[in-house]
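What follows is one structure encoded as structure tokens, with my remarks underneath.
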Amino acid sequence: MPELPEVEITRRVLEPHITGRRIVALKVREPRLRWRVKDDLPAKLAGQRITGTARRAKYLLIRLEAGTLLVHLGMSGSLRILPAGTRRRAHDHYDLLLDSGNTLRFNDPRRFGSLHYTSDDPSRHPLLARLAPEPFDPKFDASYMWRITRRRRTPIKQVLMNSRLVVGVGNIYASEILFRALIRPRRQAQSLSREEVKRLAKEVRAVLEQALEAGGTTLRDFVAPDGELGYFSQSLYVYGRKECRACGTPVRHLTQQGRSSYYCPACQR
DNA sequence: ATGGGCACCTGGCTGC
DNA sequence: TGCAGCCAGGTGCCCA
């Protein structure tokens with residue numbers, strides 16, 4: 001479900017409901033997520049106050065007095081704030097009970113999501129340590145993009161999807177970013193010109209930022225924790241479309257690494 | 001070091 | 001109507 005904008009929206013909506021609250025209990029109903037939720041996690045969290053939230057790539061960080069929770073939504077995960085006692089639905093895997101009387105509830109049909117806890121600096125956690133710079137970090141610019149595309153023969157779409165090189169971009173936004181940078185998804189990374197690399201760096205930021213402002217992309221089931229539907233899907237040029245939204249040319253579909261890519265053969269080179 | 005393929009899951013839709 | 005087959009917004013890991 002979520003790429004960077006959807007995770008960031010989730011964070012922003014949850015933030016005022018959870019920061020400053022104390023965790024009464026963690027109730028895990030289904031520990032078999034992408035990685036098994038540790039049995040001793042409830043004991044570690046009980047009684048801790050939530051001091052804030054952050055995001056790194058597509059991981060949501062919930063800062064506690066003595067550590068940090070690392071939450072990943074996977075493909076189909078979502079978090080919601082609900083009044084205690086709200087009836088559970090299928091695929092509600094864990095609840096964080098708060099002293100406000102509310103519950104932070106995680107739902108994830110496919111169970112590709114995950115829940116980790118570290119009492120160390122979270123940036124040193126194995127899942128975060130090797131991630132690329134944030135797209136909104138000043139370090140992420142044309143010269144960074146130039147560096148990572150040199151001597152790589154891999155298709156540029158796979159560079160955008162590789163979290164050691166670029167974070168936050170998933171399958172939908174990868175196609176959209178390439179469309180707006182006027183670059184075809186199969187182009188070898190090293191074949192990009194200075195001009196193309198410059199456009200690419202700019203569009204990575206622009207697309208993520210605009211999707212964030214639009215409340216994310218709702219295709220089938222992304223709903224923010226407050227129930228709002230994102231409307232960025234109206235702004236998609238090629239992803240999942242029959243015709244290019246800019247010029248009307250039939251959109252081409254292909255499979256790369258088992259994932260769908262879309263591009264406009266007229267607009268993109 | 002890089003790149004490719006697989007694995008982990010469930011649900012919804014399509015087409016026979 | 002039933003059901004097989006395919007597809008879906010992610011990403012770590014193993015292997016060549």
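Below, chains carry the letters A, B, ... as their sequence lines are ordered, and counting in each starts from 1. In what follows, every heavy atom counts, from backbone to side chain, and hydrogens, waters and symmetry copies are set aside.
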Whole-Å distance, A:Arg130 CZ to C:dT11 P, equals 17 Å
Scan every strand shown for a Watson-Crick or G-U wobble partner of B:dC9, both distances under 3.5 Å, and answer none if you come up empty. none
Aromatic ring pairing A:Phe179/A:Tyr237, orientation class (parallel under 30°, perpendicular over 60°, tilted between): parallel
Rounded distance in Å - CD (A:Gln256) to P (C:dG10): 14 Å
Interatomic distance, A:Glu30 CD vs B:dC9 P [rounded to whole Å]: 10 Å
Distance, rounded to the nearest Å, where A:Gln190 contributes CD and B:dA1 contributes P: 19 Å
From C-beta outward on A:His91, which listed nucleotide comes closest to its side chain: B:dT10, C:dG10, B:dG4? B:dT10
Just to confirm, is there a sub-4.0 Å distance from OP1 or OP2 of B:dT2 to any side-chain nitrogen or oxygen of A:Thr154? no
The nucleotide from B:dG11, C:dG10, C:dA8 with an atom nearest the side chain of A:Pro109 is B:dG11
Would A:Glu6 and A:Lys58 count as a side chain to side chain contact (heavy atoms under 4.5 Å, CB included) if you check the C-alpha gap in whole Å, the side-chain angles of each, and the deciding distance to 0.1 Å? CA-CA 9 Å; A:Glu6 291 75 21; A:Lys58 297 174 192 166; over 6 Å; no
Presence of A:Arg110 side-chain N/O under 4.0 Å of C:dA8 phosphate oxygens OP1/OP2: no
If we ignore angles and hydrogens, is there a donor and acceptor under 3.5 Å between the side chains of A:Asp141 and A:Ser143? yes
Going by atom types alone, do A:His17 and A:Ser100 pair a side-chain donor with an acceptor below 3.5 Å? no
Whether A:Tyr59 contacts C:dG12 is assessed here as follows: a side-chain N or O lying under 4.0 Å from the phosphate OP1 or OP2. Is that the case? yes
Can you check whether A:Ser76 has a side-chain N or O nearer than 4.0 Å to OP1 or OP2 of B:dT10? no
Could you pick out which residue, A:Arg34 or A:Ala90, lies toward the 5' side of DNA chain B when each is mapped onto its nearest nucleotide? A:Arg34
Between C:dC7 atom P and A:Tyr239 atom OH, what is the distance in whole Å? 12 Å
Could you give the CZ-to-P distance, from A:Arg259 to B:dA7, as a whole number of Å? 16 Å
With no hydrogens and no angle check, just 3.5 Å: does a side-chain donor-acceptor pair link A:Arg63 and A:Thr51? no
Rounding to a whole Å, what distance do you find between A:Leu70:CG and C:dG10:P? 19 Å
Strictly by modelled atom types, are A:Thr217 and A:Tyr173 linked by a side-chain donor-acceptor pair under 3.5 Å? yes
Proximity to the side chain of A:Trp35 - top-ranked nucleotide from C:dG10, C:dG12, B:dC9: C:dG12
What integer distance in Å separates A:Lys58:NZ from C:dG12:C1'? 13 Å
Please measure how far the P atom in B:dG5 lies from the corresponding atom in C:dC7, and state the result in whole Å. 16 Å
Measuring to OP1 and OP2 of B:dG4, would you say a side-chain N or O of A:Gln158 lies under 4.0 angstrom away? yes
Among the nucleotides C:dG10, B:dT2, C:dG12, which one has an atom lying closest to any side-chain atom of A:Pro2? C:dG10
Is A:His72 close enough to C:dG10 that one of its side-chain N or O atoms is under 4.0 Å from OP1 or OP2 there? no
Looking at C:dA8, I'd like to know if its phosphate oxygens (OP1 or OP2) sit under 4.0 Å from a side-chain N or O belonging to A:Ser260. yes
A:Phe112-B:dC9 aromatic stacking (under 5.5 Å, under 30°): no
